[in-house]
Every structure is written in C-alpha cells, then in structure tokens.
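Report on the structure given below.
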Amino acid sequence: ASSTNTTGTGVGVLGDTKTLNMTQSGSSYYLQDNTRAQGGIFTYDAANRQRLAGTLWTSPDNLLNSTYDGAAVDAHYFAGLTFDYYKNVFNRNSYDNKGGALKSSVHYGRNYNNAFWNGTQMVYGDGDGTTFIPLSGGIDVVAHELTHAVTETSSNLTYQNESGALNEAISDIFGTLIEFYNNKNPDYEIGEDIYTPKIAGDALRSMSNPTKYGDPDNYANRYTGTSDNGGVHTNSGIINKAAYLIAQGGTAYGVTVTGIGNDKLAQIFYRANTVYLTASSTFSQARAACVKAASDLFGTSSAEVTTVNKAFDGVGIK
Ligand SMILES: CCC(=O)Oc1c(C)cccc1C(=O)O
Ligand SMILES: [Ca+2]
Ligand SMILES: [Ca+2]
Ligand SMILES: [Zn+2]
C-alpha cells in the first residue's frame, strides 16, 4: 500500500498536547516524519526490552494520548524540534549534515534511569518513577542526546577525561540552547523536567551553578579519578560554567565577565565543535578553539573575544 504523510496529535510525558508528523499506510499510523531530514525521523517502541531499535511506533489512529504513548510523543516531537534548530540556526541538515535518518527508541529496559546516543540512535528509559520519569519528556535531554550525534560527526571528542567532559558540556550547552529555542520555561539547569518527580526545583546538573549538584565550576577543583570515564558528567561543569558566563555574564573567582547572549554563545561553540576541536582536544585547547571561533565571527579585538577570554579565566582554564 502507498504511504502518505499526515499529522497526528499526541500528549507528552508531562500531559501537554502537541502536533506530530506521521506516516499513514493502510489502516495504520506510524511515528515516521518524512517532512524534515531526507532520511526521515523515526520513533520506535523498545517495549521494555533492551533490544534495539524495537518496533516502529504503530497506532490504529493518529491520536496518541495514552500514558504509554507519552514517551514516544516527546521523543518524536523534540527530535523534530532539534532538527529544526540545527537546520534553521546553522543550516545543518540533520545530525550528520547529510540528512541522515534520526532514530529514537523509547521504553528501553525496565525502570531504566538513563538516556543515551549509542552511535546510531537515541535511546530513552522510562525511569523508575522516583529518580526519573520517561526521559524523553525533557527537551534539554533529547537535544543533549542528539547533540552527541552532532559532536560525533564533527569534532568526535573522545568520550573520556577532558575531551569527554567537553563532549558532555557541548551536549548540555546545546540541550539548553534548544530549550531556549522552544522557549517553554527555559533555564540553565539540565533535566529538571524529568528528574525526581517528587522533588521540585532540582535537576541533574546546573550550568549557572554546577557546585549545586557537586560538580566543579573551576579547573582547580576538577575530578581526576577514573569513574564515569574520568568524570565526563562532572568536569563538564567547568565548561558549562564558562558557557553560562559567556551568555549571561557574572563574576567567578574574582573575574567579572560581560555576557553576550545565547545566540553568540551558540555560534561560538558550534564553530568550535565543527571547525577547531578534534577528538583529543583538552580544556585548554577548547579555550583556544572558542577564542579562534569568536575572532572569526566577531573580530580579534571584539568584545566577544574579551568575554570568551574572561569566562575561561573565571573557571581557571588557561
Ligand atoms: C541530560 C541527558 C543526560 O545526561 O543523559 C544521560 C543520563 C541521564 C545518564 C547517563 C548518561 C547520559 C548522557 O546522555 O550523557
Ligand atoms: Ca533545562
Ligand atoms: Ca525534581
Ligand atoms: Zn551526554
């Protein structure tokens, strides 16, 4: 049977209604969006197993409003929104800039408190209901995961030690920038919408104040152990803080930074990630990459270059 593009309505993890791009074939509707990436955007049901990708999400109608549907609704919708951000802001055609298919699987495992990019697709657990609710319900989470794919097809920062923390920070930075692009209660916290449903006001990580969750905001306090691939989700706080200072300004360790806003932060880090950073880049090399990117974009003696230098001074990176 021939398939046609159609739209549906879904209710997300947090109970909000959104329009979905779907494909209809015969009497079935699928979470397959043919309107964006040449390769399409596909959302799959892992059915609480750990076998990927699972089954392409299939429905007898185009109304996805059950509790079980919520994780798929948000994974699909937020993947589309993240595609739009990279296309509209940077003219990047999907995660690989080649129109590659975007695939997500939801309901992965049982009570699975994780989300990840596995090198081929995005994967979301449902959480255990205490630490997490279904993780695709957070736009900063979905954009974080998709940005791992962007990083992998550009700098390809090795996922350990300083290059790994840079990889993590870039995902937090663009997860946050895309949360601002969506403009629904945007903030500089990470995962707040899907973290600890019984506790209000907390998050997985904070860019504005990493120490709130025990992460360092200065190179002098970096973690030098081996857990979590050398602290990739911890030392990311140092780079996240620098990014926050670049966008919003502030005073850190006696250094006062004048903020230049989210849009310029985005341009600087995108150019650093796609032009200057390499797989083995260190924090010091990331400073140089951001200074070079800001110089290219705004001029070597621009206020933007001064802000980048001050921000990295503020977090103790030379
Ligand atoms: C903000 C998204 C995030 O950090 O997802 C992860 C979780 C919840 C556990 C382990 C790894 C990741 C990741 O994507 O780095
Ligand atoms: Ca957030
Ligand atoms: Ca919470
Ligand atoms: Zn990550």
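Just follow the structure's listing: the first ligand is 1, and inside any ligand the first atom is 1. By convention here, the first residue in the shown sequence is residue 1.
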(request) Before accepting this row, confirm whether a basic side-chain N of the pair K212/D217 lies closer than 4.0 Å to the acidic partner's carboxylate O. (result) no

(message) If only side-chain N and O atoms count, and only distance matters, is there a donor-acceptor pair under 3.5 Å linking Y181 with N88?
(response) yes

(request) Could you tell me whether D296 and R271 have a side-chain N and a carboxylate O separated by less than 4.0 Å? (result) yes

(message) Just to confirm my numbers, could you give the angle made at the Ca ion (ligand 2) by OD2 of D140 and OE2 of E179, rounded to 10°?
(response) 130°

(request) Determine, using the 4.5 Å side-chain heavy-atom cutoff (strictly less than), whether W117 and L157 are members of one ILVMFWY cluster. (result) yes

(request) Run through the protein N/O/S atoms less than 3.0 Å from the Ca ion (ligand 3) and write them out by chain and number. (result) Y195 O, T196 O, T196 OG1, I199 O, D202 OD1

Under 3.5 Å, N/O to N/O: give me all the pairs between ligand 1 and the protein, one per line with atom names and distance.
unit_1   : atom_1 : unit_2 : atom_2 : d
ligand 1 : 4 (O)  : R205   : NH2    : 2.9
ligand 1 : 5 (O)  : E145   : OE2    : 3.1
ligand 1 : 14 (O) : A115   : O      : 3.4
ligand 1 : 14 (O) : H144   : NE2    : 3.4
ligand 1 : 14 (O) : E145   : OE1    : 2.9
ligand 1 : 14 (O) : E145   : OE2    : 2.8
ligand 1 : 15 (O) : H144   : NE2    : 3.4
ligand 1 : 15 (O) : Y159   : OH     : 3.3
ligand 1 : 15 (O) : E168   : OE2    : 2.8
ligand 1 : 15 (O) : H233   : NE2    : 2.7

(message) From the N, O or S atoms in D187, identify the one nearest to the Ca ion (ligand 2).
(response) OD1

(message) Can you classify the ring geometry of F180 versus Y188 as parallel (below 30°), tilted (30 to 60°) or perpendicular (above 60°)?
(response) tilted

(request) Could you grab the distance from atom CD of Q248 to atom OG1 of T258, nearest 0.5 Å is fine? (result) 12.5 Å

(message) Name the residue from T307, V308, T306 that meets the side chain to side chain contact (heavy atoms under 4.5 Å, CB included) definition with K310.
(response) T306

(message) Among the N, O or S atoms of E189, which one sits nearest to the Ca ion (ligand 2)?
(response) O

For residues 106-115, please give each side-chain donor-acceptor pair under 3.5 Å, one per line with the distance, not counting sequence neighbours.
unit_1 : atom_1 : unit_2 : atom_2 : d
H107   : ND1    : D126   : OD1    : 2.8
H107   : ND1    : D126   : OD2    : 2.9
H107   : NE2    : Y68    : O      : 2.7
Y108   : OH     : Q50    : OE1    : 3.4
N113   : OD1    : D128   : N      : 2.9
N113   : ND2    : D128   : OD2    : 3.0

(request) List in chain and number order the residues that pass side-chain contact (heavy atoms from CB on, under 4.5 Å) with S28, two or more places apart in sequence or in another chain; answer none if no residue qualifies. (result) Y30, T58

(message) Does the plane of the ring in Y86 sit parallel, tilted or perpendicular to the ring in F90? Use 30° and 60° as the thresholds.
(response) tilted

(request) Determine whether Y29 and Y44 fall in the same hydrophobic cluster, where Ile, Leu, Val, Met, Phe, Trp and Tyr are linked whenever their side-chain heavy atoms lie under 4.5 Å apart. (result) no

